[in-house]
Amino acid sequence: MSMNYSAPRGTKDILPDEATRWRFVEDTFRRLCALYGYGEIRTPMFEQTELFVRGVGEGTDIVSKEMYTFTDKGGRSITLKPEGTAPAVRAYLEDHLGGQGAVTKLYYVTPIFRYERPQAGRYRQSHQVGLEVFGASSAAADAEVIELTTAFFREVGLQSVELRLNSLGDAECRAAYRDALLDFAAQYLATLEADATERMRANPLRLLDSKDPAAVDAMKDAPIVTDYLEEESKAHFGELQELLTRLGVPFQLDPRLVRGLDYYNRTVFEVISGELGAQNSVCGGGRYDGLVALCGGPDTPAVGVAVGIERTLILIEERAIPAVSPAAFLVTFGDALRAEVLELATKLRSAGIAVDLDLEARSGKSQLRQADRSGARYAVILGIEEWSRGAVQLKDLQLNTQAEIAVESLQNELTP
């Protein structure tokens, strides 16, 4: 009995043609990170559940509704990672990546897993690129993370995006602001079910992050956090704006931007695009100075960002990404030179020249059609007579010209 299988809801296969676009995005990010002195980190796909409960926040939608959590055979609660920062913090501590006065700069490219309603650019398995900087408290660190992020969008060809910026201040400021929000939202909270009210009271800033139209309407005249900033946070935020201006990074101040995770303090930012609909954020980040200590480490300032790859790909959908094609397709007429064509392919590949060839002993005409479809610039035709005198036919598939050349000259001819 045959069975039909399909990818689980909220996931998708990335096929070879599309993978070219993925590699372009990922390789652009990796190249920029190397220029800025960031090292790559790869953390496991799953972690202890408590890491995310503590790090992301028990009252967040991610932890309360969206995590893929299971009990393993050892009775441990394990969660597929729903975001990249908490695992990076765990690795930073466990692997002793920091040092006295040291600044550690990391980047990652990773899948993340969230049980949420699939929509444009959001899947239950989606993918992110991200940055984390540990040990730097200055506004310069925030500015570098933001500038690198905007450089990435510029390098992949995005023009229609907007950087939004805010500051949440430190603990004292946030405590006063939380109280002000709860007072303002009391009437709205009274209309919610008990569990929703409890979640909002645990982190009132989530009232400003809600996409529920009723919440948006109820909070439209709410107090703004920047009115509650203490002097140090004001100075930090002012310096950040000055640095971004000097670096030529345009931004819009958004006093209602709070982000959906509990660990942020001071700087928060998003890059948004109107092309993505209501869920218009393509990346988000900020400062999380208390997270390392919350995870059991010393007080360590930190700042980072995460960029959605799928959402970035939506925005560059119309951009032409150069296809990766072989330099040549090797063609034989008849079976007599099957071993020789494999040897020639191996020699050229060893020299760093991408070539392809037929593996099914198809006719010469069929192989030439394959050569056209492959995107190769050249077809290298091995004939018994030419091969016997150390030569091949080199056909330029773009110009439709053909000439006999010595086999020993082939490598030079195919090298760009």
Side-chain angles (χ1 to χ4, degrees), residues 29-30 32-44 47 51-52 54-57 81 83-110 128-152 165-174 229-244 246-247 249 259 261-269 283-307:
F29 187 73
R30 286 189 166 99
L32 284 171
C33 288
L35 290 176
Y36 285 68
Y38 288 70
E40 184 174 8
I41 186 170
R42 303 188 186 197
T43 59
E47 301 270 1
L51 174 66
F52 301 113
R54 176 176 290 191
V56 177
K81 63 179 173 183
E83 56 96 46
T85 296
V89 171
R90 192 266 311 148
Y92 172 79
L93 292 173
E94 182 178 359
D95 300 313
H96 309 292
L97 298 180
Q100 187 67 33
V103 174
T104 302
K105 305 202 298 188
L106 305 173
Y107 78 89
Y108 60 79
V109 180
T110 187
Q128 292 181 342
V129 297
L131 306 170
E132 315 291 353
V133 179
F134 298 104
S137 61
S138 70
D142 306 39
E144 180 178 276
V145 167
I146 293 171
E147 195 274 324
L148 198 165
T149 302
T150 57
F152 164 71
L165 187 67
N166 195 21
S167 176
L168 302 180
D170 287 329
E172 179 182 345
C173 153
R174 289 179 63 147
L229 293 183
E230 73 287 350
E231 289 306 314
E232 286 188 12
S233 290
K234 281 183 182 177
H236 184 278
F237 194 39
E239 183 181 356
L240 173 59
Q241 294 175 62
E242 291 177 10
L243 288 170
L244 292 176
R246 293 195 62 166
L247 294 173
V249 177
R259 303 290 299 141
L261 306 180
D262 283 359
Y263 50 61
Y264 285 115
N265 72 303
R266 289 198 177 179
T267 304
V268 288
F269 65 92
C283 91
R287 181 161 284 282
Y288 52 96
D289 292 341
L291 185 56
V292 175
L294 190 65
C295 292
D299 284 333
T300 306
V303 60
V305 64
V307 180

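Sorted by first then second residue, the salt bridge (charged side-chain N to carboxylate O under 4.0 Å, His left out) pairs that include residues 34-44, not counting sequence neighbours, are R30-E40, E40-R42.
The main-chain N or O of A86 is found under 3.5 Å from a side-chain atom of E83 such that the two form a donor-acceptor pair. A donor-acceptor pair under 3.5 Å links the side-chain atoms of D289 to the main chain of A302, judged by distance alone. A donor-acceptor pair under 3.5 Å links the side-chain atoms of K105 to the main chain of Y36, judged by distance alone.
Note that the CG atom of L32 and the OH atom of Y38 stand 11.0 Å from one another [nearest 0.5 Å].
The ring-ring contact (aromatic ring centres under 6.0 Å, His included) search around F152 returns F29, not counting sequence neighbours. Remark: A140 pairs with S138, L243 by the side chain to side chain contact (heavy atoms under 4.5 Å, CB included) rule, at least two apart or across chains. Under the rule for a side chain to side chain contact (heavy atoms under 4.5 Å, CB included), the partners of A306 that lie at least two apart in sequence or sit in another chain are Y108, Q128. Listed by chain and number, the residues in a salt bridge (charged side-chain N to carboxylate O under 4.0 Å, His left out) with R90 are E47, E94 (sequence neighbours excluded). L247 is linked by a side chain to side chain contact (heavy atoms under 4.5 Å, CB included) to A143, E147, V249, counting only residues two or more places apart in sequence or in another chain.
R266 and S233 share a side-chain donor-acceptor pair at under 3.5 Å.
For CD of E230, the number of neighbouring non-hydrogen atoms (other residues, nucleotides, ligands) closer than 6.0 Å is greater than 12. For D95, the CG atom is densely surrounded, since the number of other residues' heavy atoms within 6.0 Å is greater than 12.
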